[in-house]
Chemist: 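Once you've had a glance at the structure underneath, I'll fire off some questions.
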Amino acid sequence: MPELVFTVDSALLSEIGEKLVESAHIALVELVKNAYDADAQQLIVKINPQAKGGPEIHVIDDGSGMTLQDVQRYWMKIATTNKKRNDVSARYGRPRTGSKGIGRFSCRRLGTHLRLLTVGAVEDHGLEETEVTFNWSRFQPGTDISTVTCPGHTKRLSEGKTGTTLIISGSLTDEWRKRGYDFVKRQLAVLAANRGAKRRGFDEDPGFNVRLEAPGFHESISNLREALLIAGWGDLTVKVGSDGTAICTLNALKLGTKTVKYPQAVPNLAGLTAKIGIMPAQWVEMRNREILSQGSRRDILDQWGGVYIRYKGFRVYPYGDPGNDWLNIDRDRGIRKASLSELLQPFAARLQGVNPTRALLSMFSAESYIGDVEIDHRASGFEMKASREGFVAGSAVESLRELVRFAIDWSTIYYDVAFLALSVNFLQLTSGW
């Protein structure tokens, strides 16, 4: 008796594409995960409505891309074990977000036609561009999957960048509604929360940002990470002028915009800027619940919560990492510190209903403040440790800590004002703050 081999019917693609992926929204998220796993720094997602049927989808990333050999080995192979064998990304060591190999087949849920254009690095340090078109309607049940060809071509490039572009069209039905679109946006926000990380044995991860264009929903988000920072109860901005004058601005739910001048000049922090999102514990206190779900909020804060420091454009570790309480927020919460600093007590005392000796009891955990402090070349007194991990202790570092804590403590006072149902009249007393 001859030895027998398995063959695969084209109906399998429907099982792992349209049927296994429950909706178009989940299908798009699976494709985005592929870009994240390919060490992309920037992703562009376009959801362009068409006259008939569903939208045309563009997913464009600047990740590692694929060579022709990669396309043949991984993209064209069903249920590859590549991601299981390599559970972190090659360049930045990111934990893989997908492992079932269904991302590319979820394209079928989004449309009948796919154009894949990818540029990958080859062994001789050159670049190779590969383009393949897929007509999913040709994979009819009853036909062997290996008999259906997908036309394509490849060429060498003398210059350019790696990355992958997917263009998906031909959707016969329009599944896209506001609720599903918001689901996609929340899932993308979790990935866009990656603001950079250093993992041993890998290049430093610069972070992952998403640009989202959805004309059908009258929305264009050029920087989803920035949109995330202003989705919570409030966002806090700190700017220090060349003369050392520091201005703090809070935009928050139930408050609008509030501004305060730091009582002391800090010339050693000249040029400093900070942008910090304040994520409340209560879901009803969020300003934009379309960006974050309750679950995704927890995932983001667990992994990326905290205030990072960037010095002359580069992130300084370990400030902002989990467990690094450089602002002493969790320390003060742990000892139930309640009293404000001497700089803020006069301000709080002017607010009827606010007790300056108990105002800090409403402060959130350190991970609930998510953002970055940018220190540029105009600042002075900052010296990196020999290990490149943190700054040498000194007056500049202490001034930085005191300024950022002043801004956070000041915002905490206003949080009390907003959610203890104080009269709007009391807020008028703070017009100079």
Side-chain angles (χ1 to χ4, degrees), residues 24-50 54-65 89 91-92 94 97-98 103-104 106-107 110-111 114-119 160-169 171 176 178 180-197 205-232 235 275 277 287-293 296-297 299-300 303-304 308 310 313 315 370-372 374:
H25 323 103
I26 295 176
L28 180 52
V29 171
E30 288 296 326
L31 294 179
V32 171
K33 288 180 179 179
N34 283 352
Y36 186 84
D37 293 347
D39 287 323
Q41 299 178 40
Q42 177 73 32
L43 175 76
I44 302 172
V45 176
K46 299 180 181 179
I47 306 173
N48 297 324
Q50 303 298 298
E56 182 176 89
I57 305 291
H58 295 224
V59 181
I60 307 164
D61 73 62
D62 62 354
S64 57
S89 65
R91 183 176 182 183
Y92 301 136
R94 293 174 180 170
T97 57
R104 57 199 181 281
S106 49
C107 294
L110 295 166
L114 164 67
R115 179 186 173 206
L116 165 69
L117 180 63
T118 184
V119 177
K161 296 180 179 180
T162 61
T164 298
T165 296
L166 305 175
I167 301 175
I168 308 162
S169 60
S171 176
W176 290 88
K178 186 64 165 60
Y181 171 69
D182 287 344
F183 167 81
V184 169
K185 193 160 47 174
R186 289 192 293 266
Q187 295 300 308
L188 298 186
V190 174
L191 298 177
N194 178 352
R195 297 175 292 139
D205 187 345
F208 182 77
N209 190 35
V210 177
R211 191 172 90 201
L212 180 58
E213 299 178 11
F217 296 99
H218 308 288
E219 188 166 63
S220 177
I221 302 176
S222 61
N223 189 318
L224 189 57
R225 186 184 305 139
E226 290 185 358
L228 168 67
L229 293 183
I230 61 175
D235 60 278
K275 182 75 170 184
R287 284 182 294 172
N288 188 345
R289 283 170 257 177
E290 295 177 356
I291 292 285
L292 289 177
S293 67
S296 62
R297 171 194 169 278
D299 291 341
I300 287 171
Q303 187 171 5
W304 303 110
Y308 293 4
R310 298 184 188 277
R315 186 175 165 202
I370 177 171
D372 301 272
E374 300 276 354

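On a predicted model such as this, the values are computed, not experimentally measured, just so you know.
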Chemist: Side chains of Ile230 and Asn288, heavy atoms from C-beta outward: is any pair under 4.5 Å?
Modeler: no

Chemist: Check side chain to side chain donor-acceptor pair (under 3.5 Å) between Asp39 and all other residues, then give those that pass, not counting sequence neighbours.
Modeler: Ser89

Chemist: Which heavy atom in Leu110 sits nearest to a heavy atom in Ala27, and how many Å separate them?
Modeler: CG-CB, 4.0 Å

Chemist: So Arg315 and Asp372, do their side chains get closer than 4.5 Å, heavy atoms only?
Modeler: no

Chemist: List the steps, then state whether side-chain contact (heavy atoms from CB on, under 4.5 Å) holds for Leu28 with Ile47.
Modeler: CA-CA 10 Å; Leu28 180 52; Ile47 306 173; 4.0 Å; yes

Chemist: In chain order, what residues pass the side-chain contact (heavy atoms from CB on, under 4.5 Å) check against Arg225, with sequence neighbours excluded?
Modeler: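 Here the qualifying residues are Arg195, Asn209, Asn223.
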
Chemist: What residues form a side-chain contact (heavy atoms from CB on, under 4.5 Å) with Gln41, not counting sequence neighbours?
Modeler: Asp62, Tyr92, Pro206

Chemist: Taking ring-ring contact (aromatic ring centres under 6.0 Å, His included) as the test, write out the residues that go with Tyr308, two or more places apart.
Modeler: none

Chemist: Quick check: closest heavy atoms across Trp304 and Gly196, and the distance to 0.1 Å?
Modeler: CZ3-O, 3.5 Å

Chemist: With a 4.5 Å limit on heavy-atom distance, are the side chains of Asn34 and Leu166 in contact?
Modeler: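 No. Closest side-chain heavy atoms not under 4.5 Å.
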
Chemist: Find the distance between OG1 (Thr165) and CG (Leu117) and round it off to the nearest 0.5 Å.
Modeler: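 Separation between the atoms: 5.5 Å.
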
Chemist: For the pair Ile57 and Ile167, evaluate side-chain contact (heavy atoms from CB on, under 4.5 Å) and give the outcome as yes or no after the intermediate values.
Modeler: CA-CA 6 Å; Ile57 305 291; Ile167 301 175; over 6 Å; no

Chemist: Identify the two heavy atoms, one from Ile370 and one from Leu229, that lie closest to each other, and give their separation to 0.1 Å.
Modeler: O-CD2, 3.1 Å

Chemist: Excluding sequence neighbours, so at least two apart, what forms salt bridge (charged side-chain N to carboxylate O under 4.0 Å, His left out) with Glu374?
Modeler: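 Glu374 satisfies salt bridge (charged side-chain N to carboxylate O under 4.0 Å, His left out) with Arg310 once adjacent residues are dropped.
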
Chemist: Work out which heavy atom in Leu228 is nearest to a heavy atom in Ala193; give both atom names and the distance.
Modeler: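 Answer, listing the atom of Leu228 first, then Ala193: CD2-CB, 3.8 Å.
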
Chemist: Take Gln303 and Val190 through the side-chain contact (heavy atoms from CB on, under 4.5 Å) test and state the conclusion after the steps.
Modeler: CA-CA 10 Å; Gln303 187 171 5; Val190 174; over 6 Å; no

Chemist: Rounded to the nearest 0.5 Å, what separates atom OG in Ser222 from atom CZ in Arg211?
Modeler: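 Output value for this atom pair is 8.0 Å.
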
Chemist: Would you say that Tyr36 contacts Asp61 through its side chain, given a criterion of any heavy-atom pair below 4.5 Å between the two side chains?
Modeler: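 No. Closest side-chain heavy atoms not under 4.5 Å.
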
Chemist: Can you sort out the partners of Ser171 under side-chain contact (heavy atoms from CB on, under 4.5 Å), two or more places apart, ordered by chain and number?
Modeler: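 For Ser171, no residue satisfies side-chain contact (heavy atoms from CB on, under 4.5 Å) once neighbours in sequence are set aside.
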
Chemist: Please name all residues satisfying ring-ring contact (aromatic ring centres under 6.0 Å, His included) with Trp176, sequence neighbours left out, ordered by chain then number.
Modeler: His25

Chemist: What pairs with Lys46 under salt bridge (charged side-chain N to carboxylate O under 4.0 Å, His left out), at least two apart in sequence or on another chain?
Modeler: none

Chemist: Side chain to side chain donor-acceptor pair (under 3.5 Å) with Ser296: which residues, sequence neighbours excluded?
Modeler: Ser293

Chemist: Return the minimal non-hydrogen interatomic distance between Gly65 and Thr164, and the atom names on each side.
Modeler: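 Closest approach of Gly65 to Thr164, heavy atoms only: CA-OG1, 3.6 Å.
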
Chemist: Applying side-chain contact (heavy atoms from CB on, under 4.5 Å), name anything that partners Asp182, two or more places apart in sequence or on another chain.
Modeler: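 Expected list: Lys178, Lys185, Arg186, Glu290.
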
Chemist: Is the Tyr181 ring parallel, tilted or perpendicular to the Phe217 ring (thresholds 30°, 60°)?
Modeler: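 Judged by the thresholds at 30° and 60°, the geometry between Tyr181 and Phe217 is parallel.
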
Chemist: Grab the two heavy atoms, one from Ser64 and one from Thr162, that are nearest each other, plus how far apart they are.
Modeler: O-CB, 3.5 Å

Chemist: Just how far is it from atom CG of Asp205 to atom CG of Asn194, taken to the nearest 0.5 Å?
Modeler: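 Answer for the CG-CG pair, Asp205 versus Asn194, is 4.5 Å.
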
Chemist: Can you sort out the partners of Glu56 under side chain to side chain donor-acceptor pair (under 3.5 Å), two or more places apart, ordered by chain and number?
Modeler: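 If we apply the side chain to side chain donor-acceptor pair (under 3.5 Å) test to Glu56, skipping adjacent residues, the hits are His58.
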
Chemist: With Arg289, which residues qualify under salt bridge (charged side-chain N to carboxylate O under 4.0 Å, His left out), at least two apart?
Modeler: none

